[in-house]
Amino acid sequence: MASDTATALPERSSERPARVANAPSAFDHSAEHRHGRLRLLSPITLRILAVNVLALALLAGGILFLGQYERGLIESELGVLRAQSRLLGVALAEGALDSRSEGQRELAVEPASRLVRRLAEPDGARIRLFAPDGRLIADSRKLLGPGGVIEIEPLTDPDGSGMVERLVNGAYNAIARLLPTPSRFPRYREAPVQRAEQYIEALRALGGDTSHAVRRLDNGMLVLSVATPVQDFKRVVGALMLSSKALHIHDSIRSVRLGIFAAFTVALAVTSLLSIYLASTIARPVRLLASAAERVRHGRGRQEEIPDLSDRQDEIGDLSAALREMTEALWQRMDAIERFAADVAHEIKNPLSSLRSAVETASRVRDPDQQKRLMSIILDDVQRLDRLISDISAASRLDAELS
């Protein structure tokens, strides 16, 4: 019977490693798949990169807004147009007035038109002159030709830029359209038959006040207008309105934005590289520790170890040291459990051997006194086994509570 028990125990112990050996195959496959996915996607890298790039993009977007800078340029250009309109108004008051029979002087259409065409520069602001009743008297964009009135429109310079510059300009225009405008300027609309009522600044000029307005074309270009009264002493005889496309404002803002965009591109490249480097110093050792932990968990011996990264002197180094200490503590606990199991097996075998001998002897003895002695021995062995099992249970419970 003792030989049967001895042979049965090794069979159970040999079956357990077989089951453990078969189990890690599925776990190893899932672990490798998970770590492969981490290497491809690298969530830590993506998160660090997204946070740094988003902060940089928000900063660059706020700088590209340039609202205060654009308002300063507009005010400067309006000041120039205001000074020009006053000078032109004085020139018209001196050279385009005609005396009437009542003794009052009014604007003469022909002299005023000739003077407006002569005062207007080819690439300068557009000059329009309105009569006190709101009629358009003269327009520097309209010339009198053999076939009648001809309206002229300044042509833009031909685009001689290369392909790279055109791509940059296209990208800039696309981004500029996405940026909010600093002020919601009204759209510029020009009727076929123009009157002063269509322009609020012209109406105010006919009332005796110099006024200005800022409008926006469909392509986003600003149109600045300043209207000043043409006076004969203190009597308003007309309104002179100067209108100019803010080309240099557009070019100045574009130049500043392109400079900011170039700096943003360089900063984005540097930030991306630094973010990837920072993420690699975090993600790669974490992946190494995770892979080592998987190998230790599925291993059948102590050949696998947690990498020692304590030289890093950071949180990952602390994590590596903690994992190594935890693994060592687990191995020590397993060794203690093995020693405890061996001691328990030894302590249980002694009363079992005595009990087995007493039972075998009792079956062959016919003397009642000897049978009674053997039964007392059997009872003592059973009580000894009961106490031993109770002590083992109490020790296990105490060890669990201490853990």
Peer 1: If you measure only the distance, is there a donor-acceptor pair under 3.5 Å linking the side chains of D308 and S310?
Peer 2: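 Judged by distance alone, the side chains do pair up.
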Peer 1: List the steps, then state whether side-chain contact (heavy atoms from CB on, under 4.5 Å) holds for R117 with S113.
Peer 2: CA-CA 6 Å; R117 287 194 294 268; S113 300; 3.7 Å; yes
Peer 1: Is the NZ or CZ atom of R215 both under 6.0 Å from the centre of the six-membered ring of Y199 and within 45° of that ring's axis?
Peer 2: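 The answer is no, since R215 fails at least one limit relative to Y199.
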Peer 1: Are S225 and S243 close enough that a side-chain donor and a side-chain acceptor fall under 3.5 Å?
Peer 2: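 Yes - a donor-acceptor pair under 3.5 Å links their side chains.
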Peer 1: Please identify each residue that fulfils salt bridge (Lys or Arg N to Asp or Glu O under 4.0 Å) with R82, with sequence neighbours left out.
Peer 2: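 For R82 there are no salt bridge (Lys or Arg N to Asp or Glu O under 4.0 Å) partners, ignoring immediate neighbours.
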Peer 1: Less than 3.5 Å apart, any donor N or O on the side chain of T228 or T210 sitting next to an acceptor on the other?
Peer 2: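 A donor-acceptor contact under 3.5 Å links the two side chains.
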Peer 1: With sequence neighbours left out, what residues match D386 under side chain to side chain donor-acceptor pair (under 3.5 Å)?
Peer 2: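 In terms of side chain to side chain donor-acceptor pair (under 3.5 Å), with neighbours along the sequence ignored, D386 is linked to no residue.
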Peer 1: Is a donor from one side chain sitting under 3.5 angstrom from an acceptor on the other, for S354 and D381?
Peer 2: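 Checked: S354/D381 side chains pair up, N/O donor to acceptor below 3.5 Å.
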Peer 1: Looking at residues at least two apart in the chain, or sitting in another chain, which of them share a salt bridge (Lys or Arg N to Asp or Glu O under 4.0 Å) with R373?
Peer 2: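 Scan of R373 (salt bridge (Lys or Arg N to Asp or Glu O under 4.0 Å), adjacent residues dropped) gives none.
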Peer 1: Once side chain to side chain donor-acceptor pair (under 3.5 Å) is applied, do any residues pair with R312, and if so which ones, sequence neighbours excluded?
Peer 2: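 R312 satisfies side chain to side chain donor-acceptor pair (under 3.5 Å) with D314 only.
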Peer 1: Suppose we screen for side chain to side chain contact (heavy atoms under 4.5 Å, CB included). Which residues come up paired with L268, at least two apart in sequence or across chains?
Peer 2: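 Expected list: V53, L56, F264, S272.
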Peer 1: Among residues at least two apart in sequence or on other chains, which ones pass side chain to side chain contact (heavy atoms under 4.5 Å, CB included) with L115?
Peer 2: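 If we apply the side chain to side chain contact (heavy atoms under 4.5 Å, CB included) test to L115, skipping adjacent residues, the hits are L92, A96, L119.
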Peer 1: Rounded to the nearest 0.5 Å, what separates atom CG in L224 from atom CD in E75?
Peer 2: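 L224 CG to E75 CD: 9.5 Å, rounded to 0.5 Å.
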Peer 1: Counting neighbours of CE on M375 that are heavy atoms of other residues, nucleotides or ligands and sit closer than 6.0 Å, is the number greater than 12?
Peer 2: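 For M375, atom CE is not crowded (no more than 12 foreign heavy atoms under 6.0 Å).
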Peer 1: Can you sort out the partners of R235 under salt bridge (Lys or Arg N to Asp or Glu O under 4.0 Å), two or more places apart, ordered by chain and number?
Peer 2: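 Counting only residues at least two positions away or on another chain, R235 forms a salt bridge (Lys or Arg N to Asp or Glu O under 4.0 Å) with E106, D232.
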Peer 1: Can you sort out the partners of D380 under salt bridge (Lys or Arg N to Asp or Glu O under 4.0 Å), two or more places apart, ordered by chain and number?
Peer 2: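 So D380 forms no salt bridge (Lys or Arg N to Asp or Glu O under 4.0 Å) with any residue.
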Peer 1: If the condition is side chain to side chain contact (heavy atoms under 4.5 Å, CB included), which residues does L288 pass it with, not counting sequence neighbours?
Peer 2: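 With sequence neighbours excluded, L288 shows a side chain to side chain contact (heavy atoms under 4.5 Å, CB included) to R284, given in chain and number order.
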Peer 1: Ignoring hydrogens and angles, tell me if any N or O in the side chain of T327 forms a donor-acceptor pair with the backbone of L323 under 3.5 Å.
Peer 2: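 Yes, because the side chain of T327 sits within donor-acceptor range (under 3.5 Å) of the backbone of L323.
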Peer 1: My understanding is that only residues two or more places apart in sequence, or in another chain, count here; which of them pass side chain to side chain donor-acceptor pair (under 3.5 Å) with S252?
Peer 2: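 Partners of S252 by the side chain to side chain donor-acceptor pair (under 3.5 Å) criterion come out as none, since no residue qualifies.
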Peer 1: Answer yes when R204 and E201 have at least one side-chain N-carboxylate O distance shorter than 4.0 Å, and no when they do not.
Peer 2: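 Looking at R204 and E201, the cut-off is not met.
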Peer 1: Applying side chain to side chain contact (heavy atoms under 4.5 Å, CB included), name anything that partners V51, two or more places apart in sequence or on another chain.
Peer 2: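 If we apply the side chain to side chain contact (heavy atoms under 4.5 Å, CB included) test to V51, skipping adjacent residues, there are no hits.
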Peer 1: Does Y277, at its OH atom, have more than 12 non-hydrogen atoms belonging to other residues, nucleotides or ligands within less than 6.0 Å?
Peer 2: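 No, not enclosed.
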Peer 1: Can you name the residues that form a side chain to side chain donor-acceptor pair (under 3.5 Å) with Q383, not counting sequence neighbours?
Peer 2: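 Q383 satisfies side chain to side chain donor-acceptor pair (under 3.5 Å) with no residue once adjacent residues are dropped.
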Peer 1: Flag the pair R126 and E190 as a salt bridge only when some basic side-chain nitrogen lies within less than 4.0 angstrom of an acidic carboxylate oxygen.
Peer 2: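 Between E190 and R126 there is a salt bridge, with a charged N closer than 4.0 Å to a carboxylate O.
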Peer 1: Are any side-chain N or O atoms of S357 and backbone N or O atoms of S353, one a donor and one an acceptor, separated by less than 3.5 Å?
Peer 2: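 Pair found, side chain donor or acceptor close to backbone of S353.
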Peer 1: Any salt bridge linking D133 with R195? Criterion: basic side-chain nitrogen under 4.0 Å from a carboxylate oxygen.
Peer 2: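 Not counted as a salt bridge, because no side-chain N and carboxylate O are separated by less than 4.0 Å.
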Peer 1: Is it the case that Q198 and Q194 place a side-chain donor and acceptor less than 3.5 Å from each other?
Peer 2: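 There is no such pair (donor and acceptor under 3.5 Å, judged by atom type) between the side chains of Q198 and Q194.
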Peer 1: If we ignore hydrogens and angles and just use 3.5 Å, is the side chain of R216 paired with the main-chain N or O of L222 as donor and acceptor?
Peer 2: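 No, because the side chain of R216 does not come within donor-acceptor range (under 3.5 Å) of the backbone of L222.
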Peer 1: Evaluate the side-chain contact (heavy atoms from CB on, under 4.5 Å) criterion for residues E328 and Q332: first the C-alpha distance (whole Å), next the side-chain angles of each, then the deciding distance (0.1 Å), finally the verdict.
Peer 2: CA-CA 6 Å; E328 184 63 26; Q332 292 177 4; 3.6 Å; yes
Peer 1: Return yes if some donor-acceptor pair links the side-chain N/O of S320 with the main-chain N/O of L309 below 3.5 Å, else return no.
Peer 2: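 Side chain of S320 to backbone of L309, a donor-acceptor pair under 3.5 Å: yes, one is there.
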